[in-house]
Amino acid sequence: MSLYEGAQNKLSNRNHNRGILHADFDAFYAAVEQRDFPELRNKPVVVGGSPSRRGVVASASYESRKFGIKSAMAMSTAVRKCPEAVVVSPRFVVYREVSRQVMEVFRDITPLVEPLSLDEAYLDVTHLIADDITPPQIARNLKQKVRSKLGLTISVGVGSSKSVAKIASSINKPDGLTIVRPGGEIPFLYPLPVEVLWGIGPKTSAKLHLLSINTVEDLASQPLEILSGIFGSNATHIKEISNGIDITPVITQRERKSISSETTLLVDTSDVEDLNEIVMRLSGDVAESLLKKNMRGRTVKLKLKRSDFTVVTRQKTIPEKVQISSEIAESALELLNLELENSHEKYRLIGVGVSGFATSENLQDEMQLRFAGL
Ligand code: DCP
Ligand code: MG
Ligand code: MG
């Protein structure tokens, strides 16, 4: 059995029916500047610190890359390479807002979004796949939505794992769409230079070239002992991703662990009916946020601040994930009544929150249980 067949067998032994997208803005900061200031379009725009103050390049428009300008280069070098470059100072507030907007566009497609930085994210679309819905179609739709809603282009990679999708999105920039079909991982990866793999920077790649390891195939065919000498405990992982094997899940909501709403009362109260009504209203607010983000959670939390400023929190984890107002209110009211049963306190602040969101793994488990008729 050839190495190729061996790796392919290994691949098919794992769950490789996933549909993972990696999306990344093209020349993010520079593209936002060109969008907002039309006079910069089609010009070699470089966003970063001033050349006279030892600034570095944060983002280089594709027009400027023809001159050899790259991110992290000294701005003085960039200007030397291209004297007509237009150097623009960054507007971080704007980039953060554009980032928030693009993540919303992603979350309109699936709640399984894992942001990696301001300008890129993984999306797990496995659960959306149907006879007439394929990951490449979802990717095309995503690119089109980002273009029409934000006026910017992204490059998207489609694959059966995060590492394949990330490599795929990076090799056809700008405005790229690279599709690696299930089973096509090895023919896709093997001819590529080792630098495409996550975590192989200039220092490591120099070491690899000294050992005549230039392509992903070269890397994949190394004995583990050689790789351990270079990558330490990461060697197995490197070997696996060189063979297109990567089962790490898309992890959502890294930045957000719960969605909640709270209110401080104008007058402290112990009135059961008032408190019930407020809890129902807050449950409605939380449900609205969850629906907008297309998220469901499993844990409902109630927060109460008493007149003496002590805070009580009570939470309940339920078997079915909740999203709508009545489901959230049911648990929150139960928690409220538990608290009120043994208390004669007045309360000054009330909050309701939902956490325990879906990750691609537990969503996948759930889908499988559903298919199994459980
Ligand atoms: N960034 C930075 N300094 C770096 C690298 C990046 O400040 N050394 C910022 C500016 C980039 C943004 O992060 O616009 C996104 O980084 P990317 O690596 O995705 O680079 P770009 O989006 O600019 O270009 P590409 O089209 O290669 O993705
Ligand atoms: Mg980018
Ligand atoms: Mg990026």
Side-chain angles (χ1 to χ4, degrees), residues 20-37 40-51 53-79 81-82 85-103 105-106 113-123 139 142-143 145-147 150-159 162-178 192-193 195-205 250 254-255:
I20 310 289
L21 272 46
H22 177 265
D24 186 292
F25 272 126
D26 302 313
F28 181 37
Y29 294 2
V32 171
E33 297 307 321
Q34 289 179 318
R35 177 193 73 174
D36 294 352
F37 301 98
L40 298 178
R41 291 183 195 163
N42 306 316
K43 297 233 170 87
V45 172
V46 188
V47 178
S50 141
R53 282 193 237 132
R54 296 213 233 159
V56 293
V57 175
S59 177
S61 74
Y62 278 81
E63 294 83 356
S64 75
R65 293 190 198 190
K66 291 184 198 132
F67 299 88
I69 300 179
K70 291 181 192 162
S71 289
M73 178 180 272
M75 191 61 88
S76 53
T77 312
V79 178
K81 285 182 181 281
C82 175
V86 188
V87 178
V88 179
S89 295
R91 295 182 298 150
F92 296 111
V93 177
V94 178
Y95 311 143
R96 260 198 295 279
E97 174 59 16
V98 174
S99 176
R100 198 192 56 74
Q101 289 167 346
V102 84
M103 298 300 164
V105 174
F106 295 167
V113 174
E114 177 179 346
L116 278 180
S117 71
L118 279 190
D119 91 321
E120 65 191 281
Y122 292 113
L123 287 77
L142 187 69
K143 281 170 65 74
K145 270 194 175 164
V146 171
R147 188 192 292 274
L150 274 74
L152 293 166
T153 62
I154 52 173
S155 291
V156 180
V158 182
K162 293 207 294 192
S163 78
V164 168
K166 180 153 169 88
I167 294 166
S169 80
S170 72
I171 62 168
N172 268 324
K173 271 180 160 283
D175 205 11
L177 173 61
T178 307
L192 297 174
E195 285 79 6
V196 300
L197 297 180
W198 179 299
I200 301 197
K203 274 189 197 157
T204 313
S205 74
V250 170
R254 198 176 266 176
E255 84 284 27

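From a predicted model like this one, the values you see are computed outputs, not experimental measurements. Read the numbers this way: they start at 1 and go in the same order the structure lists the ligands and their atoms. Side chains included, hydrogens not; waters and symmetry mates left out as well; all remaining heavy atoms used.
Here E97 contributes atom CD and L118 contributes atom CG; the two are 11.5 Å apart, rounded to the nearest 0.5 Å. Atom NZ of residue K162 and atom CG of residue L123 lie 11.5 Å apart, to the nearest 0.5 angstrom. Taking CG of D24 as the reference point, atom NZ of K173 lies at 4.0 Å (rounded to 0.5 Å).
Inspection of the Y95 and E33 side chains reveals an N or O donor paired with an N or O acceptor under 3.5 Å. Side chains of D26 and T153: a donor on one and an acceptor on the other come within 3.5 Å. Side-chain atoms of N172 and T178 include a donor-acceptor pair closer than 3.5 Å.
Using a non-hydrogen distance threshold of 4.0 Å, Y62 registers as a contact of ligand 1. Residue-ligand proximity: A27 is placed with a non-hydrogen atom under 4.0 Å from ligand 1. Contact between M73 and ligand 1 is absent, with no heavy atom of the residue lying under 4.0 Å from the ligand.
For the pair S99/D119, no side-chain contact is recorded, criterion being any heavy-atom separation below 4.5 Å from C-beta on.
Here the heavy atom of the protein found nearest to atom 2 (C) of ligand 1 is A58 O, 3.6 Å. Nearest non-hydrogen protein atom to atom 24 (O) of ligand 1 is R65 NH2, 2.8 Å. Of the protein's heavy atoms, S59 OG, 3.0 Å lies nearest to atom 23 (O) of ligand 1. With hydrogens left out, the protein atom closest to atom 8 (N) of ligand 1 is A72 CB, 3.9 Å, a heavy atom. Protein heavy atom nearest atom 28 (O) of ligand 1, with residue, atom name and distance: D24 OD1, 2.8 Å.
A donor-acceptor pair is defined here as one N or O able to donate and one able to accept, closer than 3.5 Å; no such pair exists between the side chain of R35 and the backbone of L152.
The minimum heavy-atom distance linking P90 with G48 is given by the pair CD-O, 3.6 Å. When all heavy atoms of S169 and H22 are compared, the closest pair comes out as OG-ND1, 2.7 Å.
D24 contributes OD1 and D119 contributes OD2; the angle these two atoms make at the Mg ion (ligand 2) is 100°, rounded to 10°.
Distances from the Mg ion (ligand 3) to each N, O or S atom of E120 single out OE2 as the nearest.
An N or O contact shorter than 3.5 Å links K173 to ligand 1 by distance.
Of all atoms in ligand 1, listed by their number and element, those nearer than 4.0 Å to a heavy atom of F28 are 14 (O), 21 (P), 22 (O), 23 (O). For ligand 1 and D26, the ligand atoms under 4.0 Å from any heavy atom of the residue are 26 (O).
Residue F25: an N/O/S atom is found under 2.8 Å from the Mg ion (ligand 2).
Counting only heavy atoms, the protein never gets under 4.0 Å from atom 18 (O) of ligand 1.
Distances from atom 12 (C) of ligand 1 to the heavy atoms of Y95, Y29, F25 show the closest one on Y29.
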